[in-house]
Structures are given as structure tokens and as C-alpha cells.
Amino acid sequence: MDNKVAGTLIPLKYEGTRLEVLNQLLLPQKQEWVVVSTLEEGWKVIREMKIRGAPAIAIVAALTVAVQLRKQIGTLRSVVEVREFVRNAWEYLCTSRPTAVNLFRAADDLMKRAETLVRETTDPKEMIAELIKAMEAMLVKDVADNKAIGDHGAKFILDGLAGGDRATVVTHCNTGSLATAGYGTALGVVRSLFAQSRLERCYCTETRPYLQGARLTAYELTVEGMPGTLIPDSAVASLMSTRFVNAVVVGADRVAANGDTANKIGTYQLAVAAHHHKVNFFVAAPLTTIDLALSSGKEIAIEERPADELKSIRGVAIAPEGIECWNPAFDVTPADLITGIVTEHGVFTPAELQAKVEQLHKLGL
């Protein structure tokens with residue numbers, strides 16, 4: 001299936017019986033495609049962060065299951081066997097990364113679809129075909145949703161500017177085409193501004209310890225010719241005090257009902273700096289990232305990564321042996337530091353988020 005967006009990079013290739021993932025650990029120095037042919041390989045590329053970004057993780061998991069289901073045609077002899085195969089596959093893949101809600105939302109949606117099909121058909125081949133169709137549809141929908149997020153976010157930012165003024169934006173981690181099926185969420189907002197010739201500059205943080213900003217966001221900006229500047233994580237407050245910034249736009253791995261947002265570690269301190277300097281702070285994420293089952297960010301499980309990821313870079317030690325490490329992958333930004341949450345259906349304040357999302361859910365969205 002074609003998930004290409006003109007002029008942008010792609011994080012995966014999928015052709016029905018074959019799934020390949022771009023190994024983002026090696027970017028920008030090397031482009032290496034990893035074939036995902038088993039559930040174990042799907043789990044591994046997610047866990048090891050060869051693929052990352054909440055939307056992309058969910059899609060790779062879904063397509064991993066789709067590839068495996070095709071292999072089971074003729075082997076799974078009843079719809080109940082198909083359902084149990086899918087259930088076991090998703091339960092296993094969901095153990096790879098605990099914070100990104102998109103993965104769990106995809107598993108829940110597809111298991112509901114499986115339960116419906118068990119009641120509607122007795123043909124396992126028909127059930128497999130319908131489940132694969134649903135999983136492949138996620139790829140197409142994600143790109144369309146990301147474009148809508150980009151346009152809504154750009155419009156909201158530009159509405160606050162005079163005439164033809166161009167926007168200066170700060171972003172964190174990588175939320176572009178490499179973190180999604182294509183186009184991106186927060187970086188999709190930057191892309192939309194650029195497409196309208198209204199982007200002055202995008203400042204991207206290096207994003208320690210995995211350097212997703214330096215390796216991936218800076219890569220996307222340069223490849224696509226967008227005006228970008230890489231800065232140390234520790235330079236954000238200084239940037240805001242010495243150079244004019246219109247907005248901060250970040251992604252999200254999980255948004256609670258009250259608007260509290262879990263995102264890549266360092267997002268919280270970025271929001272604090274933005275609040276102090278009166279810079280608008282936006283979270284860009286699809287509805288699938290919003291978890292109304294959680295009343296606040298206090299209920300979000302925060303993944304902790306191995307100490308070696310903090311103490312070394314690509315196998316080269318940068319810290320002494322024996323030092324203890326605390327290496328959380330995410331932090332939670334309180335809702336009162338967030339100006340708006342940009343979704344594919346518009347921009348909502350944290351105060352109105354739950355009511356708006358509930359309305360959308362009632363419409364089947």
C-alpha cells in the first residue's frame with residue numbers, strides 16, 4: 001500500500017505480505033530497512049526504537065499482525081481460532097512499549113472488530129480478509145489525519161499573526177513523517193506553515209538521550225528544505241528570552257481527559273519555559289492518542305529505559321561506570337501549561353477537550 005506523501009520521508013514499506021521498517025537508530029548517517037516477518041521481529045523493532053512515535057508504533061504493530069494473518073490462511077480453521085490468534089498477537093505486541101496509548105487503542109479497536117466478525121461469519125478466510133482490511137485502513141487514515149492536524153494547527157497559529165507575517169516555531173523530539181505513517185503531527189503543523197510560505201524558522205531540540213531531534217527532525221527539515229535550526233535541549237529558555245518565538249508545537253504519546261500530556265522527556269520543562277515567556281504551547285495529536293479513561297496525567301504509566309541509553313551513544317561511553325541513572329522516556333506536562341490540543345477535528349483547549357472528544361465519539365469518530 002502507498003503511504004508516500006510527496007516530498008516527505010517514509011518510516012515503513014508495506015506490500016501485503018511484506019513489511020519493512022526504516023531503522024531510525026542509524027539515521028541520518030545510514031538508511032537501513034529492516035524486514036519484519038514475525039511477531040517477535042515486530043516486537044523487537046518497537047521495543048528497540050528502530051521505529052518510534054506513537055502513531056507509527058501502532059501502525060507497525062497492526063501491519064505485523066496483518067502479515068502474520070496472511071500466513072495463517074488455511075491454517076486457522078475457525079473464526080474462533082482467528083480471534084484467539086489475533087488476541088494473542090496483540091497482547092504480546094502491547095508489551096513492547098507501555099506509554100503510547102495508540103498501540104493499545106489499535107489493539108482494542110481491532111479486537112472489537114474481531115468479536116463482531118465472530119458473530120457475523122463462520123468463514124475464517126473471510127474474517128481474516130476483513131481484519132487485514134481494517135488494519136491496512138489505519139495506514140491510509142493516519143496520513144489523512146496528520147494532514148488535517150497540520151492544517152488546523154497552522155491556521156490557529158497564523159490567525160494570531162498579522163497579515164503575511166511568518167511564524168517561528170519550536171518543536172521537540174521527532175513528530176514528523178518518520179514518527180507516523182506519513183506527514184507528521186507537530187512537524188505536520190510546521191510542514192503546513194512551510195507549504196503556505198508562512199514559516200520563518202523551526203527550532204528543533206536535540207532531544208537527549210536518543211537525539212531524535214538532532215538525528216531525525218533536523219534530517220526531515222534539511223531533506224525537505226524547510227528553514228530549521230538545531231539547538232541544545234538546555235538552550236530553550238535562552239532562545240525564548242533572546243529571539244522571538246510564536247509557538248511551541250510538540251507531539252504526544254498519551255493525553256488524559258483533563259489535557260495532561262505524556263510526551264518525550266524534556267517536554268515538561270519546555271512547557272514551563274514557554275509559560276514563563278508567554279509563548280503559546282500546543283500539543284498535536286490524533287484522537288487515538290487521547291485517553292478519556294484516564295482522568296489526569298498522574299494515571300499515565302511512564303516507561304523507564306535502560307541506563308546504557310543514557311551513559312553511551314552508539315556504544316561509546318560518555319559517563320563513568322558505577323554512576324546510577326534515572327532514564328524516564330517520557331514526562332507529563334500539566335494541562336494548565338497547554339494552550340491547545342491540535343487534533344484532526346480542530347484545536348481544543350484542555351478545559352473543553354473531554355466534552356469535545358465525547359461528542360466526536362458519539363458521531364463515530
Side-chain angles (χ1 to χ4, degrees), residues 7-11 22-31 49-50 52-53 56 150 153-154 157 166-180 183-195 197-252 263-274 277 279-284 305 309-310 312-314 316 318 327 329-331 333:
T8 70
L9 299 165
I10 58 171
L22 181 62
N23 185 353
Q24 297 184 25
L25 296 177
L26 302 181
L27 291 175
Q29 284 79 16
K30 181 180 180 181
Q31 285 198 17
M49 295 177 67
K50 291 177 181 176
R52 21 72 50 211
I157 291 171
R166 296 188 293 184
T168 297
V169 177
V170 175
T171 193
H172 186 58
C173 196
N174 174 256
T175 57
S177 58
L178 294 173
T180 62
Y183 202 75
T185 54
L187 203 59
V189 175
V190 175
R191 274 196 176 88
S192 183
L193 289 168
F194 181 64
S197 300
R198 300 292 298 277
L199 176 67
E200 180 66 29
R201 183 156 299 275
C202 176
Y203 289 94
C204 60
T205 59
E206 57 177 347
T207 321
R208 281 278 295 144
Y210 249 82
L211 300 171
Q212 294 97 323
R215 292 187 300 104
L216 306 179
T217 299
Y219 185 47
E220 291 197 45
L221 291 172
T222 54
V223 165
E224 297 175 37
M226 292 184 277
T229 299
L230 176 65
I231 61 172
D233 293 345
S234 51
V236 168
S238 182
L239 172 72
M240 292 178 182
S241 69
T242 59
R243 302 188 182 187
F244 188 75
V245 174
N246 296 104
V248 176
V249 188
V250 300
N263 191 48
K264 182 54 56 186
I265 191 70
T267 302
Y268 183 12
Q269 63 196 34
L270 182 55
V272 170
H277 292 94
V279 174
N280 287 331
F281 186 94
F282 296 98
V283 171
R305 302 289 299 178
E309 294 179 3
L310 185 60
S312 64
I313 297 178
R314 292 185 174 175
V316 178
I318 59 171
N327 188 21
F330 307 95
D331 56 28
T333 299

- Query: Got a donor-acceptor contact below 3.5 angstrom from the S192 side chain to the V189 backbone?
  - Reply: no
- Task: Say whether, by atom type as modelled, one donor and one acceptor occur between the side chain of R201 and the main chain of G228 under 3.5 angstrom.
- Result: yes
- Message: I'd like to know if the side chain of T207 and the backbone of C173 have a donor-acceptor N/O pair within less than 3.5 Å.
- Response: yes
- Item | Worked check of side chain to side chain contact (heavy atoms under 4.5 Å, CB included) between T333 and N263 | CA-CA 8 Å; T333 299; N263 191 48; 5.9 Å; no
- Query: With sequence neighbours left out, what residues match Q269 under side chain to side chain contact (heavy atoms under 4.5 Å, CB included)?
  - Reply: none
- Donor-acceptor contact below 3.5 Å, side chain E220 vs main chain L178: yes
- Message: When you compare the side chain of F244 with that of E200, does any pair of heavy atoms fall below 4.5 Å?
- Response: no
- Message: Between F194 and L221, is there a side-chain heavy-atom distance shorter than 4.5 Å?
- Response: no
- Task: Kindly give the heavy-atom pair with the smallest separation between Q24 and P11, and that separation in Å.
- Result: NE2-CB, 3.8 Å
- Query: Quick check: does any side chain N or O of R208 sit under 3.5 Å from a backbone N or O of G266, one acting as donor and the other as acceptor?
  - Reply: no
- Looking only at heavy atoms, the pair that brings V283 and A252 closest together is CG1-CB, 3.7 Å
- Do the non-hydrogen side-chain atoms of L22 and L27 ever get within less than 4.5 Å of each other? yes
- Item | From CG (L310) to CZ (R305), nearest 0.5 Å | 12.0 Å
- Please confirm whether the backbone N or O of L25 pairs with a side-chain atom of R314, one donor and one acceptor, at under 3.5 Å? yes
- Note on the structure: Rounded to the nearest 0.5 angstrom, the OG1-CG distance for T217 and L211 is 11.0 Å
- Message: Has R191 got a side-chain atom pairing as donor or acceptor with G176's backbone, closer than 3.5 angstrom?
- Response: no
- Task: For T175 and L187, indicate whether the former's side chain and the latter's backbone hold a donor-acceptor pair under 3.5 Å.
- Result: yes
- When you check the side-chain N and O atoms of N174 and R215, is any donor under 3.5 Å from an acceptor? no
- Message: Would you compute the distance between atom CZ of F282 and atom CG of N246 and round it to the nearest 0.5 angstrom?
- Response: 10.0 Å
- Query: Between T229 (side chain) and Y203 (backbone), is there a donor-acceptor pair under 3.5 Å?
  - Reply: no
- Note on the structure: Residues T185 and G251: closest non-hydrogen pair is OG1-CA, 4.3 Å
- Start with the C-alpha gap between Y210 and I265, add the side-chain angles, then the distance that decides, and say whether side chain to side chain contact (heavy atoms under 4.5 Å, CB included) holds. CA-CA 10 Å; Y210 249 82; I265 191 70; over 6 Å; no
- Can you find a heavy atom in the side chain of S241 that is under 4.5 Å from one in the side chain of H277? yes
- Task: With rounding to the nearest 0.5 Å, note down the distance linking CZ in R166 to CD1 in I157.
- Result: 15.0 Å
- Message: Give me the atom names and distance for the closest heavy-atom approach of V279 to M240.
- Response: CG2-SD, 4.3 Å
- Query: In a check of side chain to side chain donor-acceptor pair (under 3.5 Å) between T205 and each of K264, H172, Q212, which one passes?
  - Reply: H172
- CG/L230 to OH/Y219 distance, rounded to the nearest 0.5 angstrom? 15.5 Å
- What distance do C204 atom SG and D233 atom CG have between them, rounded to the nearest 0.5 Å? 10.0 Å
- Derivation and outcome, side chain to side chain contact (heavy atoms under 4.5 Å, CB included), residues T267 and F330: CA-CA 8 Å; T267 302; F330 307 95; over 6 Å; no
